[in-house]
Undergrad: 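Take this structure first; my questions come after.
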Number of protein chains: 2
Amino acid sequence: MQVSNTEWSLAEKKVAQEVLKIAYEREVKALIATVRESAGSITALEQIWQLHDLLSSKRYEIDGKYDDRESALIFVFAQLVKEGWLYMDELASLEGAKRAKVAALTHM
Amino acid sequence: MQVSNTEWSLAEKKVAQEVLKIAYEREVKALIATVRESAGSITALEQIWQLHDLLSSKRYEIDGKYDDRESALIFVFAQLVKEGWLYMDELASLEGAKRAKVAALTHM
């Protein structure tokens, strides 16, 4: 399966940007809710360091994940679908071959 | 001023441990309050990373600060007094020379 050399039309690139933005906003919203909830129940230093560990890990993950280079998009979409930040039907405007590649990767 | 080779009696070591614990609990309590307050007002990812930066810095600082080795105690107390986690009158059970050293260091 050829993935990284997939070609994207201008219209598809626009869709890709929009879809990435939707997933990003979902993930950020969920992280904000998690941080608020965790912080609200903190009563000991150990819990603060657990929150710190979580944020270190999320920061590293989010910084790297939303890669909008054409060569990365199929992989990025598959990861976001697997993680639940994106739904396959939100990719409906992409051509079938691309959707099939994303779907295939979500099962790997 | 000789500081790191200060000698500590058993009674003073006990006082030192208790006083360190008081300061530690104050600092932890304040940090918990700060984290709760910061987290409660977070609405954007950038604020989460600001909280993360704060926790990284506090973790590094707290991990190193509460050094209870005899050679470190005078310095540790002086730092805690300067930072407001400890009050000079809480060191009243220590001998005058030690208190004078702590007081002198708080002005440096």
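Just so we're on the same page: letters track the sequence lines, and every chain starts at 1.
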Undergrad: Please check if Met88(B) and Val15(B) belong to a single hydrophobic cluster, counting links between Ile, Leu, Val, Met, Phe, Trp and Tyr side chain heavy atoms closer than 4.5 Å.
TA: yes
Undergrad: Would a hydrophobic clustering, with Ile, Leu, Val, Met, Phe, Trp and Tyr connected at side-chain separations under 4.5 Å, put Tyr24(B) with Val19(B)?
TA: yes
Undergrad: Group every Ile, Leu, Val, Met, Phe, Trp and Tyr by side-chain heavy-atom contacts under 4.5 Å, then state whether Leu105(A) and Leu94(A) land in the same group.
TA: yes
Undergrad: Not counting sequence neighbours, list each pair that qualifies as a side chain to side chain donor-acceptor pair (under 3.5 Å) and has a residue in residues 31-43 of chain A.
TA: Thr43(A)-Gln47(A)
Undergrad: Are His52(A) and Val35(B) side-chain neighbours, meaning at least one heavy-atom pair lies under 4.5 Å?
TA: no
Undergrad: Side chain, backbone, both or neither: which part of Lys29(A) has an atom under 4.5 Å from a heavy atom of chain B?
TA: neither
Undergrad: Heavy-atom pairs under 4.5 Å with chain B are the metric here; pick the option from Val28(A), Ile32(A), Leu31(A) that has the most.
TA: Ile32(A)
Undergrad: If you define the side chain from C-beta out and look only at heavy atoms, does anything of Leu45(B) sit under 4.5 Å from Ile62(A)?
TA: yes
